[in-house]
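Only one structure is covered here, and it is reproduced in the block below.
Atom set for the values below is all heavy atoms of this structure, side chains included, hydrogens, waters and symmetry mates excluded.
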Amino acid sequence: MTAHPTAPAPGGPAAPDDDPLCLFSLAVTDERALIAMRRDVQEACRRLGMSEADTVRLATVVGEVGRGLLGARALTGRLVLEEAERPRLIAEFGWSGAVRPAPDALQAAGRLLHTSRWDATPFPRLVLGQPLPVTPRPLAERAADVREELRGLAGVSMGEELRSQNRDLLAALQQARAHQEELQRLNQELEETNQGVMALYAELSSELEATNSGVVALYAELEEKTRELSLLNEAKTRFWANVSHELRSPVNGVIGLTRLLLDPGADPLTAEQAQQVHMIAGASSTMLALVEELLDVAKAESGRLEPELVPVDLRMVLHQLHGTLSGTARPGVPLVVPDVLPDSPAGPLVTDEVMLTRVLRNVLSNSLKFTEHGRVELTVDFTERAGHPWCVLTVTDTGVGIPVEEQARVFEEFYQVRGPHQRARSGTGLGLPYARRLTELLGGRMMLDSAPGAGTTVTVEIPSGTAPRPGDPAGGGPRLERVVLVDDDPVFRTTVRPALAQLAREVTEVGVSAQAIAVIRRERPDAVLLDLTMPPPDGYQLLARMAEDRELDRVPVVVLTANDPSGVDSSRLVHALAVLGKTHLTTARLADVLSPVLPRPRDPGTARP
């Protein structure tokens with residue numbers, strides 16, 4: 001039976017003459033009519049270029065669903081082309097009454113077809129569809145061609161239709177078998193891959209276990225080496241101290257004997273003897289100064305040097321240094337110190353007088369030693385930082401200068417700048433390192449600027465203890481609310497804790513770097529102190545994460561390093577406020593770099609709101 005246009009059921013689909021996109025519409029009264037509709041749907045799919053798989057799916061679903069609807073009153077089948085974003089071929093069933101499609105058939109249609117929809121109102125209707133291949137031809141022309149082809153089909157033959165369904169079934173079975181074989185092949189490949197992965201995992205686990213064992217052994221060896229180095233350092237310090245004490249007594253004895261020989265009341269000496277005794281006295285004084293330096297360095301390394309802050313008459317200190325050191329200058333090289341000092345904004349300087357005297361004596365002696373012409377001059381200035389007074393002492397000479405490549409090493413212990421002037425003026429190489437260590441103990445810093453032939457300038461900056469420290473309860477100075485310290489070294493956290501307690505009301509310590517970002521986001525601190533050399537993620541990586549986080553990119557960060565701050569990768573520290581060495585980290589140094597974020601102290605004369 002060939003599908004031909006028929007009159008629609010009441011309230012059913014429109015006749016094909018009313019719709020140019022309708023391919024056919026027929027009354028599905030019995031099994032033969034349903035077979036004819038299925039055959040015409042299959043033929044229309046092929047004529048429209050639909051794939052064989054989609055063709056079989058649509059024709060099969062039409063046959064199965066239509067078989068469940070046979071017997072419904074005024075059952076009508078309709079095949080149309082539908083305009084959409086992608087054109088579709090739609091097979092519709094419409095009927096009257098309360099008959100409903102079988103749930104199993106609807107579920108199968110939903111799995112196999114692109115479109116499957118059942119509407120109960122305004123009349124029962126089941127819509128089944130598949131997308132069509134896109135072509136430039138208008139749908140109306142394609143519909144007209146297919147209608148013409150369908151009209152030319154011979155009547156339906158049950159035997160032929162049965163053979164067609166069998167062919168479709170065989171094709172589906174072959175396709176299913178091919179899919180099954182492909183799945184078996186993929187499963188076999190997956191199993192082989194899994195075996196390879198497991199073998200690789202076992203190999204990597206074995207290698208990782210061996211590596212971990214090596215790391216543990218290396219860590220134990222490093223701990224042992226660290227302990228040995230610590231013992232060696234302690235032994236070196238004890239050796240310096242013992243040797244210094246042992247040498248100082250005989251040197252003092254030699255100096256005392258030379259003074260007795262040169263005393264006016266002693267037996268007169270010949271001119272040559274007097275000259276020799278003067279040379280012995282000079283050499284003994286030099287040796288005593290070197291022994292004192294060794295002893296002071298030993299004390300500083302052992303941590304036994306603690307500054308005692310007292311008011312200092314800076315003018316008297318400079319006058320005594322001038323009188324002591326002027327005799328060591330070369331002829332025609334004056335040592336110039338100021339007679340009148342500028343006014344300090346906070347009264348007299350408060351610091352450790354002995355340490356300050358040793359710092360200036362070492363710096364001035366070094367300048368006088370290497371200045372053959374010109375002069376050596378000391379200037380004094382006072383300034384204020386973060387509400388705290390600072391004293392700046394600058395020593396400028398017109399000596400031989402220091403090459404740029406050696407300036408970074410002049411603060412290394414026992415290092416001496418190479419050149420003919422060094423041989424003429426020998427020393428231990430401890431003067432500047434010792435002076436810098438004392439300056440840091442005073443809470444300050446020492447800087448050097450030099451050029452060969454143009455002289456050297458050494459700047460010593462130290463805080464005065466007259467103004468209250470930030471967070472000092474007695475002084476009531478400004479304090480930060482919250483500070484987060486990220487460092488995996490518990491010893492350093494313990495040593496810096498008192499300084500931070502003066503700087504902030506609340507200090508949160510983080511010993512595991514992986515927890516740092518979460519703690520910083522939770523605490524919302526006023527500042528973060530971050531160690532660069534932690535286990536991953538290290539300080540560089542934490543800085544990068546903070547810079548990428550909109551909640552944390554504005555938090556001030558002070559970077560801490562146990563190494564030389566000049567050796568860090570500054571290109572990766574864009575988010576950092578400053579870089580500080582961990583050695584002798586004081587509240588004053590922290591307050592200096594955090595001065596932009598410290599709250600300004602209230603003016604006593606300002607009324608409270």
Check whether any side-chain heavy atom of [X] lies under 4.5 Å from a side-chain heavy atom of [Y], and answer yes or no.
X: D119; Y: R125; value: yes
X: L48; Y: R142; value: yes
X: D489; Y: D531; value: no
X: L485; Y: L560; value: yes
X: E52; Y: R46; value: yes
X: E509; Y: L500; value: no
X: L21; Y: E82; value: no
X: E31; Y: L70; value: yes

If only atom types and distance count, is the side chain of [X] paired as donor or acceptor with the main-chain N or O of [Y] below 3.5 Å?
X: R38; Y: E64; answer: no
X: D526; Y: E481; answer: yes
X: S513; Y: D538; answer: no
X: R554; Y: E551; answer: no
X: E461; Y: G444; answer: no
X: R78; Y: C22; answer: no
X: T226; Y: L222; answer: yes

If you look at every heavy atom in [X] and [Y], which pair is closest and at what distance?
X: P20; Y: A143; value: O-CB, 3.5 Å
X: F93; Y: G66; value: CZ-CA, 3.8 Å
X: M546; Y: V555; value: CE-CB, 4.0 Å
X: L530; Y: G539; value: CD2-O, 3.6 Å
X: I90; Y: G129; value: CD1-CA, 3.8 Å
X: L150; Y: D40; value: CD2-O, 3.8 Å

Item to check | F24 vs M37, side chain to side chain contact (heavy atoms under 4.5 Å, CB included): CA-CA, chis, key distance, verdict | outcome: CA-CA 9 Å; F24 66 78; M37 179 178 176; 4.0 Å; yes
Item to check | R521 atom CZ, neighbour heavy-atom count above 12 within 6.0 Å | outcome: yes
Checklist entry - Within a reach of under 6.0 Å around CD of E181, are more than 12 heavy atoms found that belong to other residues, nucleotides or ligands? => result yes
Could you grab the distance from atom [atom1] of [X] to atom [atom2] of [Y], nearest 0.5 Å is fine?
X: L183; Y: N187; atom1: CG; atom2: CG; answer: 6.5 Å
X: L112; Y: T60; atom1: CG; atom2: OG1; answer: 8.0 Å
X: E191; Y: L186; atom1: CD; atom2: CG; answer: 13.0 Å

Checklist entry - Does the distance from a Lys or Arg side-chain N to an Asp or Glu carboxylate O, for R185 and E189, drop under 4.0 Å? => result yes
Item to check | Presence of salt bridge, R545 and E548, under 4.0 angstrom | outcome: no
Item to check | Derivation of the side chain to side chain contact (heavy atoms under 4.5 Å, CB included) call for C45 and L89 | outcome: CA-CA 8 Å; C45 290; L89 178 63; 3.4 Å; yes
Checklist entry - Can you tell which of L543, L577, L529 makes a side-chain contact (heavy atoms from CB on, under 4.5 Å) with V559? => result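 It is L543, the one option of L543, L577, L529 that forms the side-chain contact (heavy atoms from CB on, under 4.5 Å) with V559.
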Item to check | Member of Q130, R57, Q42 meeting the side-chain contact (heavy atoms from CB on, under 4.5 Å) criterion with M50 | outcome: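 Running side-chain contact (heavy atoms from CB on, under 4.5 Å) over Q130, R57, Q42 with M50 returns exactly one hit, Q130.
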Item to check | Derivation of the side chain to side chain contact (heavy atoms under 4.5 Å, CB included) call for L132 and R86 | outcome: CA-CA 7 Å; L132 290 173; R86 182 176 178 183; over 6 Å; no
Checklist entry - So V557 and L542, side chain to side chain contact (heavy atoms under 4.5 Å, CB included) or not? Walk me through it. => result CA-CA 11 Å; V557 179; L542 292 178; over 6 Å; no
